[in-house]
Amino acid sequence: MKSFYEKCYAVLRKVPKGKVTTYKEIARALNSKAYRAVGTAMNKNPYAFPAARGRAGGDSLKSSDLVPCHRVINSNGELGGFASGLKNKIKLLKSEGVEISNNKIDLKKYFFRLR
DNA sequence: CTAATGACATTTG
DNA sequence: ACAAATGCCATTA
């Protein structure tokens, strides 16, 4: 049986490059209100991007299995946190074309609606 | 089983 | 607008 965390990852994988979603939205997609637990899931994310972990390739995970945890932000448009450093999160997002102004993201432009 | 922990969200001062 | 307090849920010790 799939754990709650794995469900989070499954949903998050739908978010395309250049878009972002929120912890709350993921919880809602799972018909739940456990956005707090979603944050924990991202923190423990075993499928993190190699680039996000500050290391080049070398792992055996397929890109289709990777979870874009850097595309998850707070519901108010702020960045939230990141296991391997918030700065890395910013860098990844910008490299995907997401504009970040004043440590915030315009949800009207970049929010990807689930479900 | 009970208590503690977070990459959150909302309400209140 | 900002900071603190409260509520929240799955996971882990």
Side-chain angles (χ1 to χ4, degrees):
Chain A
M1 164 177 181
K2 286 192 173 191
S3 70
F4 178 80
Y5 286 0
E6 291 177 46
K7 290 181 196 170
C8 294
Y9 305 143
V11 173
L12 182 51
R13 278 193 260 261
K14 295 181 188 168
V15 179
K17 170 176 110 168
K19 294 275 184 178
V20 299
T21 188
T22 68
Y23 299 98
K24 188 178 182 181
E25 181 67 11
I26 290 177
R28 214 191 52 181
L30 298 176
N31 213 25
S32 164
K33 292 175 175 86
Y35 35 78
R36 200 79 179 272
V38 173
T40 306
M42 298 307 107
N43 185 28
K44 306 269 175 61
N45 172 24
Y47 310 105
F49 275 38
R53 311 185 64 187
R55 331 169 83 260
D59 55 23
S60 51
L61 292 172
K62 296 185 196 164
S63 60
S64 58
D65 288 331
L66 296 180
V67 175
C69 42
H70 57 280
R71 297 186 192 137
V72 187
I73 64 176
N74 290 1
S75 61
N76 62 358
E78 292 181 15
L79 289 174
F82 203 60
S84 49
L86 193 54
K87 200 161 183 185
N88 244 325
K89 185 171 186 175
I90 295 173
K91 195 155 69 171
L92 279 166
L93 287 170
K94 291 194 98 176
S95 75
E96 294 185 342
V98 177
E99 284 188 51
I100 300 174
S101 59
N102 201 3
N103 264 2
K104 284 195 185 176
I105 293 177
D106 186 352
L107 289 175
K108 302 206 174 207
K109 283 186 180 178
Y110 301 108
F111 181 68
F112 181 78
R113 207 173 193 178
L114 298 165
R115 295 211 313 185

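The sequence lines fix the lettering, A, B, ..., with proteins before strands; numbering per chain opens at 1.
The CG-P distance, from Asn76(A) to dA3(C), rounds to 13 Å in whole Å. Across the protein-nucleic acid pair, Ile26(A) atom CD1 and dA9(B) atom P stand 10 Å apart, rounded to whole Å. Note: CD1 (Ile73(A)) to P (dA9(B)) measures 9 Å, nearest angstrom.
In the interface, the side chain of Arg36(A) is paired with the base of dC8(C) through a donor and an acceptor atom under 3.5 Å apart.
When heavy atoms are screened at a 4.0 angstrom cut-off, Tyr35(A) is found touching base atoms of the nucleic acid.
The side chain of Asn74(A) contributes an N or O atom lying less than 4.0 Å from OP1 or OP2 of dA9(B). The side chain of Lys44(A) contributes no N or O atom lying less than 4.0 Å from OP1 or OP2 of dT12(C). Regarding contacts with the backbone of dT11(C), every side-chain N or O of Thr40(A) stays at 4.0 angstrom or more from both OP1 and OP2.
The side chain of Lys33(A) lies closest to dC9(C) when the candidates are dC9(C), dA7(B), dA9(B). Distances were taken from every side-chain heavy atom of Ala34(A) (C-beta onward) to each of dT11(C), dC9(C), dC8(B); the shortest belongs to dC9(C). Among the nucleotides dT10(B), dT11(C), dA7(B), the one closest to any side-chain atom of Tyr5(A) is dT11(C). Checked against dT10(B), dT11(C), dA7(B), the side chain of Ser75(A) finds its nearest nucleotide in dT10(B).
A 4.5 Å side-chain heavy-atom check between Asp65(A) and Tyr9(A) finds every atom pair outside the cut-off. A 4.5 Å side-chain heavy-atom check between Glu25(A) and Tyr35(A) finds every atom pair outside the cut-off.
Lys19(A) contributes atom NZ, which lies 12.0 Å from atom CD1 of Ile105(A) (distance to the nearest 0.5 angstrom).
Under the 6.0 Å distance and 45° angle rule, Arg28(A) does not count as a cation-pi partner of Tyr23(A).
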